[in-house]
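Computed from a predicted structure; not experimentally measured.
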Amino acid sequence: HVKEQLQEALKAAQAKQQEQQRAEAKAAPAPQEPSARSGPVADKSGKNEQPRSAQPPRQPRSPQQREAKGPRQEPRPAQGQNPRNGQRSPQNPRPRQSGSDTPPLDTCMAADRGRLRGLWRSAAQAGGDKAAELRQQFEAIYAKSSARYQARQANLPKPEFAEDLPVNGRRAEIAELIAKHQVVIVCGETGSGKTTQLPKICLELGRGTGGLIGHTQPRRIAARSTAARIAQELNGELGRHVGYKIRFNDRTGPDSYVKLMTDGILLAETQTDPWLSQYDTLIIDEAHERSLNIDFLLGFLRQLLPRRPELKLIVTSATIDAERFAQHFARDGRPAPGIEVSGRLYPVEVRYRPVQDEEAERDDQRDMYDALVDACDELHRHGPGDILVFLPGEREIRDAAEALRKHHPPGTEILPLFARLSAEEQSRIFKPHGGRRIVLATNVAETSLTVPGIRYVVDTGLARVKRYSYRNKVEQLQVEKVA
C-alpha cells in the first residue's frame, strides 16, 4: 500500500513538472537568428561550443515582482542539524517520530513482546487502512497478553524458607544482587541448598510472572528429583507450578512458573527460539562440570544478554572459578557480581579397609564385593542410618546388589541408582522408609543430587572417567582408581 502511494505521488510530481516546462516554453521570447559571424566556434578539443550571443538574455525582475517575492532567504536547517555543513551532530540526534515510540510492555508476557514491537513499528510506517488494521491487531494481542500476565501475577506461589539451610541465611543479599544486576554468580558448597532455594528466591522477587524460570541440570535424574522437591516445598503437585522437561518427557503446563530441564534441552531450544523469549530468568546449575553443552550455553547467553536487558542469569556451582565466570559476563569493564555461601559441615571419620590383605594367602584373596559386604556389616554394628555406596557403573551396581541381598536380612532395603533406570525406580530413594537402606549409585549422587538420610558412605575407589584415545581417535569410558 505504501509503495502504491509513493508511485502515485511520483507520477503527479512528474506531470506537474512537465506542465511547468510547457508554460515556460510558451512564455519565453522566440530566439534570434544567429548571424553569419556568430556561428558555432570550435574549441581546441574539436567540440562545437555555442557562443554566448546566441543564448537568450536574462530578463531583470520588475520592482513589483521584487516586492511580491520579498528578499532572498537561506534555507532553514533541520532540527539537530549543523547550519554550517548541514550534517547532524551526535549531541543532537534525529528526533524519533511519535508514532514509532513503542508503549511500555513490562506488563506483557515475554514471549509476546517481540511480536508487539514488530506490529507497532509496521503500523507507524504504514498509513491508511493498513495502519488501522495493524493497530487493531496490536491492541488485541496486548490486551490478551496483559490479562495473562496479571493472572499469573495473582496466582504467584508464596514460598516458605527453611532457616536451617545456609543459603537462606544470605537470602536478602542474594535477592538484592538479583534485583540490581543482570548476571549473578553464586558459589555454594554441597548441601547449602542453592539448587532448591534459588528458584524460590526468584519467585519471591516476582520473577516467573512474565516468563518461565528456567533451571538447568546436567542429568535427567537431577532434573526430575529437583522438580519434585521444589514442588513439594511449594505445597503443590508436580507439573502445575513446577515442572520438568527431559528427553521424551515434558511435565510442564501453561500455569508453570519453574521449569527444570537438562542442559541439552535448553541448547536445543535455542535453535527454534534464538531469543529464549519464553524465559525471564535462567539458572545454570552445576556449571563447574564444564560440559560441551554448558560451554555452548555460556557463550550463547553472553551474546543474548545485551539484546534482552530484562533477562536475568544466575550461574551456580559447588566448586567454581568465580573470577573467570565474572570476567566472562563483564559489562563495560565491570565483572559480574558474585556471592559465596558456605555449606553445612559435619565431622567425618575416615576408616580405610583394604580389599586385599598382604598377609593373607593366595587362596583367601577377596574381591571388591567381599570387601563391600564386610564394610556394610561393620557399619550395621556401628549404629542405625542409611548407607551410600559409590560404584563405577551399572554392571558393578547389579553385582553388588546381588551380593548384598544374599548376605543381609530381608529387612534391609537395597536400592540401585543409575541412568538407565526408570523414573519410578529412581524416585524410590527420595521416598520415606522405616528400616535401613543401602543405596548403590554412580557418581551421579556426588555431583548432581543429594540423597536424604545418608549417614555412612562406602567408596570403592573406582570410577568411570572419560578419556580420549589418540590411537583410536575416540572417547572411552575407562574404570580408573580415583581414591
Heavy-atom check, side chain of [X] versus side chain of [Y], under 4.5 Å:
X: Leu282; Y: Leu297; result: no
X: Cys376; Y: Leu404; result: yes
X: Val167; Y: Ile174; result: yes
X: Lys200; Y: Val258; result: no
X: Glu413; Y: Arg436; result: no
X: Leu276; Y: Leu266; result: yes
X: Leu477; Y: Val465; result: no
X: Arg224; Y: Leu238; result: no

Are [X] and [Y] ion-paired here, with the side-chain N under 4.0 Å from a carboxylate O?
X: Glu233; Y: Arg229; result: yes
X: Glu424; Y: Arg428; result: no
X: Arg135; Y: Glu133; result: no
X: Glu269; Y: Lys259; result: yes
X: Arg170; Y: Glu173; result: yes
X: Glu480; Y: Arg467; result: yes

Practice task
Might you point out which heavy atoms bring Ala441 and Leu388 nearest each other, and give the distance in Å?
Solution key: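 Heavy atoms of Ala441 and Leu388 come nearest at CB-CD1, 4.2 Å.
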Handout entry: Non-hydrogen atoms of Arg437 and Ile429 that approach each other most closely
Key =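 So the two residues come closest at NH1-O, 3.1 Å.
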Drop me the distance from [X]'s [atom1] to [Y]'s [atom2], to the nearest 0.5 angstrom.
X: Ile397; Y: Leu440; atom1: CD1; atom2: CG; value: 6.5 Å
X: Lys312; Y: Thr281; atom1: NZ; atom2: OG1; value: 8.0 Å
X: Gln217; Y: Ile283; atom1: CD; atom2: CD1; value: 9.5 Å
X: Arg113; Y: Asp280; atom1: CZ; atom2: CG; value: 8.0 Å

Exercise for the section: Take Ile314 and Leu198 through the test side chain to side chain contact (heavy atoms under 4.5 Å, CB included) and record every step on the way to the result. Expected result: CA-CA 9 Å; Ile314 305 171; Leu198 282 177; 4.2 Å; yes
Problem - Set of residues satisfying side-chain hydrogen bond (donor to acceptor under 3.5 Å, both in side chains) with respect to Thr196, sequence neighbours excluded - result: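 Partners of Thr196 by the side-chain hydrogen bond (donor to acceptor under 3.5 Å, both in side chains) criterion come out as none, since no residue qualifies.
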Exercise for the section: Would you list the pairs meeting ring-ring contact (aromatic ring centres under 6.0 Å, His included) in which at least one residue belongs to residues 208-244, sequence neighbours left out? Expected result: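 The answer is His241-Tyr257.
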Practice task
Can you sort out the partners of Arg381 under side chain to side chain contact (heavy atoms under 4.5 Å, CB included), two or more places apart, ordered by chain and number?
Solution key: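 Testing Arg381 for side chain to side chain contact (heavy atoms under 4.5 Å, CB included), a comparison that skips the adjacent residues, returns Asp377, Glu378.
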Is it the case that more than 12 heavy atoms not belonging to [X] sit under 6.0 Å from its [atom1] atom?
X: Tyr468; atom1: OH; answer: yes
X: Phe296; atom1: CZ; answer: no
X: Arg115; atom1: CZ; answer: no

Practice task
Could you walk me through whether Leu260 and Lys245 pass the side chain to side chain contact (heavy atoms under 4.5 Å, CB included) test, one step at a time?
Solution key: CA-CA 6 Å; Leu260 277 294; Lys245 182 179 179 181; over 6 Å; no
Exercise for the section: Output yes when a side-chain donor or acceptor of Asn472 lies under 3.5 Å from a complementary backbone atom of Val474, and no otherwise. Expected result: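 Not confirmed, Asn472 side chain does not pair with Val474 backbone.
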Contacts table for residues 324-333: side-chain donor-acceptor under 3.5 angstrom, sequence neighbours left out:
| residue | atom | partner | partner atom | Å |
| --- | --- | --- | --- | --- |
| His328 | NE2 | Leu298 | O | 3.2 |
| Arg331 | NH1 | Gln182 | OE1 | 3.1 |

Expected list for residues 154-163: side-chain donor-acceptor pairs under 3.5 angstrom, two or more places apart:
| residue | atom | partner | partner atom | Å |
| --- | --- | --- | --- | --- |
| Asn155 | ND2 | Ala151 | O | 3.2 |
| Lys158 | NZ | Leu156 | O | 3.1 |

Practice task
State, without any angle test, whether Asn293 and Ser291 hold a side-chain donor-acceptor pair at a distance under 3.5 Å.
Solution key: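 Side-chain D/A pair, Asn293 to Ser291: absent.
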Handout entry: side chain to side chain contact (heavy atoms under 4.5 Å, CB included) between Cys187 and Thr316, intermediate numbers included
Key = CA-CA 6 Å; Cys187 303; Thr316 71; over 6 Å; no
Sequence neighbours excluded and cut-off under 3.5 Å, please list the side-chain donor-acceptor pairs for residues 136-147, or say none.
| residue | atom | partner | partner atom | Å |
| --- | --- | --- | --- | --- |
| Ser145 | OG | Met109 | N | 2.8 |
| Ser145 | OG | Asp112 | OD2 | 2.9 |

Handout entry: Test: Arg308 cationic atom under 6.0 Å from Trp275 six-membered ring centre, within 45° of axis
Key =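 Verdict for Trp275: no cation-pi partner in Arg308.
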Practice task
Could you give me the CA-CA distance, side-chain angles and deciding distance for Glu396 and Glu394, then say whether side chain to side chain contact (heavy atoms under 4.5 Å, CB included) is met?
Solution key: CA-CA 5 Å; Glu396 290 81 4; Glu394 177 182 351; over 6 Å; no
